[in-house]
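The structure's right below; bear with me while I get my questions together.
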Amino acid sequence: MRVLCMCKFCLQCRPCPWVKKVNQRQIYNMSTEEQMLLKGNLITCNTEAWQSHPDFFGLQRLGGVDLSYLKEDDTVACASLVVLSYPELEVIYEDCHMVTINAPYVAGYLAFREVPVLVDAIQKLLEKDPCLMPQVLIVDGNGILHHRGFGVACHLGILTDLPCIGVAKNLLQVDGLENNDDHKDQIRKLQNGGDFFNMTGSSGTILGAALKSSSKSTKPIYISAGHKISLETAVRLVHSCCKYRVPEPTRQADIRSREFLCKKTSTANS
DNA sequence: GCGACAG
DNA sequence: ATCTTGTCGC
């Protein structure tokens, strides 16, 4: 695993005492620069042998990550990393711990809020149990379906060097993509679990896909390539690990981080 | 001023 | 992300 960050001002590097000497505008300019710099290393095609197999032969471990925030104070959160066996989808590793979040949530800069603690969790797994390192990570949020083509799934992928898939529950309306009547029509046409359609931005690039992830869900999930995996493979893999609307690795990470946060806050008051 | 706004 | 109950349906 490698960690790249050449930036002295970006949100990821906060809090640095002297960052307070620069204004918000400069912070976002620097964060944008950081995204563009990291984007230079992005790979949005398959790089692993298992990705080409019809049944993902060779794939044994899927990772899921999530953060649950304390409602009273969104600088306090529980970060969770889970690893599931494939194709059984059983949890074989779980790590939940409390973290402090420094960056604010700003659409387009989610990575600066969530990625640092997720990199830490991966680093911890690498030191503690490298045999359990996931072969692909499913990330809450978008990959290249992003204002600057570099969402949280790309960011985490570059920093960890792991294949990453972006899975968002809502459509980020960028590059001409809109949740308009046409889009809603396309969604209505999705019949069965696994049905999907690709979404092409005004720039002509295929940015992602809307997937009906379970047969019962009306609302799709939005898949985009993060790093070291193609959109086609990502859609196929995400569908293969959906018991419900949200893919199982993310769902397990979600459940466990909420529980942990809940338990932590209740014991703190007793 | 207006609309959009991943988590 | 989080607040927040029951209820309708398979």
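Numbers restart at 1 for each chain; the letters A, B, ... are given by sequence-line order, proteins then strands.
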Spacing between A/Glu72 atom CD and C/dT2 atom P, to the nearest angstrom: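 In whole Å, C/dT2 P and A/Glu72 CD are 12 Å from each other.
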Rounded to whole Å, how long is the line connecting atom NE2 of A/His146 with atom P of B/dC5?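 Taking atom P of B/dC5 as the reference, NE2 of A/His146 is at 13 Å.
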With sugar-phosphate meaning primed atoms plus P, OP1 and OP2, does A/Tyr105 contact a base, only sugar-phosphate, or nothing at under 4.0 Å between heavy atoms?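 A/Tyr105: base contact, heavy atoms under 4.0 Å.
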Look at all strands and tell whether A/Leu70 reaches a base, only sugar-phosphate, or nothing, counting heavy atoms closer than 4.0 Å.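 Nothing: the residue A/Leu70, judged by heavy atoms under 4.0 Å, touches no strand.
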Tell me the interatomic distance from A/Asp254, atom CG, to C/dT2, atom C1', rounded to whole angstroms.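 After rounding, the reported distance stands at 12 Å.
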Using the ring-ring contact (aromatic ring centres under 6.0 Å, His included) criterion, which residues pair with A/His239? Sequence neighbours excluded.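 If we apply the ring-ring contact (aromatic ring centres under 6.0 Å, His included) test to A/His239, skipping adjacent residues, there are no hits.
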Counting the atoms with a prime plus P, OP1 and OP2 as sugar-phosphate, which does A/Lys216 contact under 4.0 Å by heavy atoms, base, sugar-phosphate, or nothing?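 Result for A/Lys216 = nothing.
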Within 45° cone of A/Phe196 ring axis and under 6.0 Å: A/Arg236 NZ or CZ: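 Because its charged atom misses either the 6.0 Å distance or the 45° angle limit, A/Arg236 does not stack over A/Phe196.
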Here's a test for you: under side chain to side chain donor-acceptor pair (under 3.5 Å), which of A/Asp161, A/Thr47, A/Asn46 qualifies with A/Lys228?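 Considering A/Asp161, A/Thr47, A/Asn46, a side chain to side chain donor-acceptor pair (under 3.5 Å) with A/Lys228 is found only for A/Asp161.
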Closest to the A/Lys71 side chain, choosing from B/dA6, C/dC3, B/dC5: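 Within the option list, the nearest is C/dC3.
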Residue A/Ser68, side-chain atoms from C-beta onward, closest of C/dT2, B/dG7, B/dA6: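 That would be C/dT2.
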Within the 4.0 Å heavy-atom criterion, would you say A/Gly108 contacts the bases, only the backbone, or no part of the nucleic acid?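 If one applies the 4.0 Å heavy-atom cut-off, A/Gly108 turns out to touch a base.
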Separation of A/Leu145 atom CG from B/dC5 atom C1', in whole Å?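 Going from CG in A/Leu145 over to C1' in B/dC5 covers 14 Å.
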Using a heavy-atom cut-off of 4.0 Å across all strands, would you classify A/Asn142 as base, sugar-phosphate, or nothing?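 Counting heavy atoms under 4.0 Å across all strands, the contact made by A/Asn142 includes a base.
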Write down the distance between CD (A/Glu178) and P (B/dA6), rounded to a whole number of angstrom.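 Distance check: A/Glu178 CD to B/dA6 P gives 15 Å.
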How would you list, by chain and number, every residue that makes a side-chain hydrogen bond (donor to acceptor under 3.5 Å, both in side chains) with A/Lys124, sequence neighbours excluded?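 A/Lys124: side-chain hydrogen bond (donor to acceptor under 3.5 Å, both in side chains) contacts with A/Asp95.
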Rounded to whole Å, please give me the gap between CG in A/Leu261 and P in C/dC3.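 Rounded to whole Å, this separation is 9 Å.
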Report the distance from atom CZ of A/Arg258 to atom C1' of B/dG7, rounded to the nearest whole Å.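 Nearest whole value for this atom pair: 12 Å.
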Can you see if the side chain of A/Asn170 gets near the phosphate of B/dC5 - specifically, an N or O under 4.0 Å from OP1 or OP2?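 So the side-chain polar atoms of A/Asn170 never come under 4.0 Å of the phosphate oxygens OP1 or OP2 of B/dC5.
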So which nucleotide from C/dT2, B/dC5, B/dG7 ends up closest to the side chain of A/Asp66?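 Of the candidates, B/dG7 comes closest.
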Return the value, rounded to whole Å, for the distance between atom CG of A/Leu156 and atom P of B/dA6.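 Interatomic distance, CG of A/Leu156 to P of B/dA6: 19 Å.
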Touch class at under 4.0 angstrom, heavy-atom based, for A/Val106 against every strand present: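 The answer is nothing, as A/Val106 stays clear of every strand by at least 4.0 Å.
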Of all the nucleotides listed (B/dA6, B/dA4, B/dG7), which has the minimum atom distance to the side chain of A/Arg113?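 Minimum distance to the A/Arg113 side chain belongs to B/dG7.
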Look at A/Asp254 together with A/Arg258 and state whether they make a salt bridge at an N to O cut-off of under 4.0 Å.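 Looking at A/Arg258 together with A/Asp254, the answer is yes, because their closest N to O distance falls below 4.0 Å.
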